[in-house]
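First comes the structure, then the notes that go with it.
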There are 2 protein chains.
Amino acid sequence: MDAAQRSWRIIRELVLDHDRRKAVADAFGLSFVRVKALRRLVDGPLTMRELAARLATDPPYTTLIVDDLEQRGLVARSVDPRDRRAKIVTVTEAGADLARRAEQLLDVPPAALRELPADDLAVLERVLSALRPPGS
Amino acid sequence: MDAAQRSWRIIRELVLDHDRRKAVADAFGLSFVRVKALRRLVDGPLTMRELAARLATDPPYTTLIVDDLEQRGLVARSVDPRDRRAKIVTVTEAGADLARRAEQLLDVPPAALRELPADDLAVLERVLSALRPPGS
DNA sequence: GCAGATAGTTGTAGCTCTACAAGCATTGCT
DNA sequence: AGCAATGCTTGTAGAGCTACAACTATCTGC
């Protein structure tokens, strides 16, 4: 049991004890995967295939998700001009708005984390930022 | 967007991108909640009610989970002598063994975390350990 | 001792997601 | 042009979980 494992335990526990998925789903009347789809789409349109990869859902289920979001006016489907088999999925204004509000909810850190001393938080951020591909 | 929020984003992403729930469930032929039940029980027997609280499942579903685990010989139910309404759930040897192996799987940190420099990991652990109730 | 609360169980219905098979339209390869 | 591969859709079946109602057995407070 090394330092990475001990840290990982704490981290895992922190996230799992602070699961907001149900809260988010309830807040917007959408299942969590649907909200996640919108959150992935705000950074730019994706084809069904790309969206499926990011959601880790299979193509048939991705179709259902997008069908539902489309009926609610949160996304729009259009044919990819470069490959007419593919569909490009874009968020609407309403969809982007919902995604942003969901992200805000999810971004609220657990109280324990928020209450760490400022310098500890600074150190934490410095170390953690190495984990993230630079510029994301 | 403060330091806590930025750190939280990275942490959340780290855990969600490293979801081993399906891997664990597949590895043992048990749904993830069932494995979680065993993992909760290795620290000592619990009543149904206590177990339900730790799993965040309602009483009826908890009964199903324990029924299943009992049939597989992974837990045993006995009447609480101090309150004969209550049942005390205990892991068997086989159950404890499975729980330990599952924990080992879950404890493997994501590669990115494991590959941090040793001194960064030390700092990380120091800061994070403040998040955990001392002595757990 | 009785009324109400509590612990657990049984049963049912439904939602979300997974997994797979089969089909159509379009594209890329030869 | 013909054929395999690709992108998406439709349909179906089922696992896993949630939520609720109703019941029995036991306990607690008065």
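Here is the naming used below: chain letters follow the sequence lines, and residue numbers restart at 1 for every chain.
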* Asked: Do B:Leu38 and B:Ile88 belong together in a cluster built from hydrophobic side chains that touch within less than 4.5 Å?
  -> no

* If you walk 5' to 3' along DNA chain C, what is the first nucleotide with an atom under 4.0 Å of a heavy atom in chain B, and what is the last? -> C:dA5 to C:dA19

* List in chain and number order the residues that pass side chain to side chain donor-acceptor pair (under 3.5 Å) with B:Thr63, two or more places apart in sequence or in another chain; answer none if no residue qualifies. => none

* Partners meeting side chain to side chain donor-acceptor pair (under 3.5 Å) with B:Asp19 (sequence neighbours left out) -> B:Arg21

State which residues pass salt bridge (charged side-chain N to carboxylate O under 4.0 Å, His left out) with [X]; sequence neighbours excluded, sorted by chain then number.
X	result
B:Arg6	A:Glu125
A:Asp43	none
B:Arg39	B:Glu103

* Structure fact -> Value for CZ (B:Phe28) from CG (B:Leu105), rounded to nearest 0.5 Å, stands at 5.0 Å

* About how many Å separate CG of B:Leu106 and CG of A:Leu16, when rounded to the nearest 0.5 Å? -> 9.0 Å

Please tabulate, one pair per line, each protein N/O and nucleotide N/O from nucleotides 3-6 of chain D that are separated by under 3.5 Å, including the distance.
{"residue": "D:dT6", "atom": "O4'", "partner": "A:Arg85", "partner atom": "NH1", "Å": "3.4"}
{"residue": "D:dT6", "atom": "O2", "partner": "A:Arg85", "partner atom": "NH1", "Å": "2.6"}

* When all nucleic acid strands are considered with a 4.0 Å heavy-atom cut-off, which category describes B:Thr62: base, sugar-phosphate, or nothing? -> nothing

* Asked: Just checking B:Arg77: base, sugar-phosphate only, or nothing, at a heavy-atom cut-off of under 4.0 Å?
  -> sugar-phosphate

* Asked: Bend angle of the helix from C:dG1-D:dC30 to C:dT30-D:dA1 from five-pair axes at both ends, rounded to 10°?
  -> 30°

* Asked: With sequence neighbours left out, which residue pairs that include part of residues 72-88 of chain A fulfil the salt bridge (charged side-chain N to carboxylate O under 4.0 Å, His left out) condition?
  -> A:Asp67-A:Arg77, A:Asp68-A:Arg72, A:Glu70-A:Arg77, A:Asp80-A:Arg82, A:Asp83-A:Arg85

* Asked: What integer distance in Å separates A:Asp80:CG from D:dT9:C1'?
  -> 17 Å

* Structure fact -> To the nearest angstrom, the CZ-C1' distance between B:Arg82 and D:dT28 comes to 16 Å

* To do: Please test B:Val89 against B:Leu69 for side chain to side chain contact (heavy atoms under 4.5 Å, CB included), starting from the C-alpha separation and ending with a verdict.
  => CA-CA 10 Å; B:Val89 187; B:Leu69 294 176; over 6 Å; no

* Without swapping roles, check the side chain of A:Ser129 against the backbone of A:Arg126 for a donor-acceptor pair under 3.5 Å. => yes

Only pairs under 3.5 Å count here: list side-chain donor-acceptor contacts from residues 111-120 of chain B, not counting sequence neighbours, and write none if there are none.
{"residue": "B:Arg114", "atom": "NH1", "partner": "B:Pro109", "partner atom": "O", "Å": "3.0"}

With 3.5 Å as the limit, what N/O pairs link the protein to nucleotides 15-19 of chain D?
{"residue": "D:dC17", "atom": "OP2", "partner": "B:Ser31", "partner atom": "OG", "Å": "3.0"}
{"residue": "D:dC17", "atom": "OP2", "partner": "B:Tyr61", "partner atom": "OH", "Å": "2.6"}
{"residue": "D:dC17", "atom": "O5'", "partner": "B:Tyr61", "partner atom": "OH", "Å": "3.3"}
{"residue": "D:dA19", "atom": "N7", "partner": "B:Asp58", "partner atom": "OD2", "Å": "3.1"}

Acceptor/donor pairs from residues 48-57 of chain B side chains to any protein atom, 3.5 angstrom cut, sequence neighbours excluded:
{"residue": "B:Glu50", "atom": "OE1", "partner": "B:Thr47", "partner atom": "N", "Å": "2.8"}
{"residue": "B:Glu50", "atom": "OE1", "partner": "B:Thr47", "partner atom": "OG1", "Å": "3.4"}
{"residue": "B:Arg54", "atom": "NH1", "partner": "B:Glu50", "partner atom": "O", "Å": "3.4"}
{"residue": "B:Thr57", "atom": "OG1", "partner": "B:Thr62", "partner atom": "OG1", "Å": "2.8"}

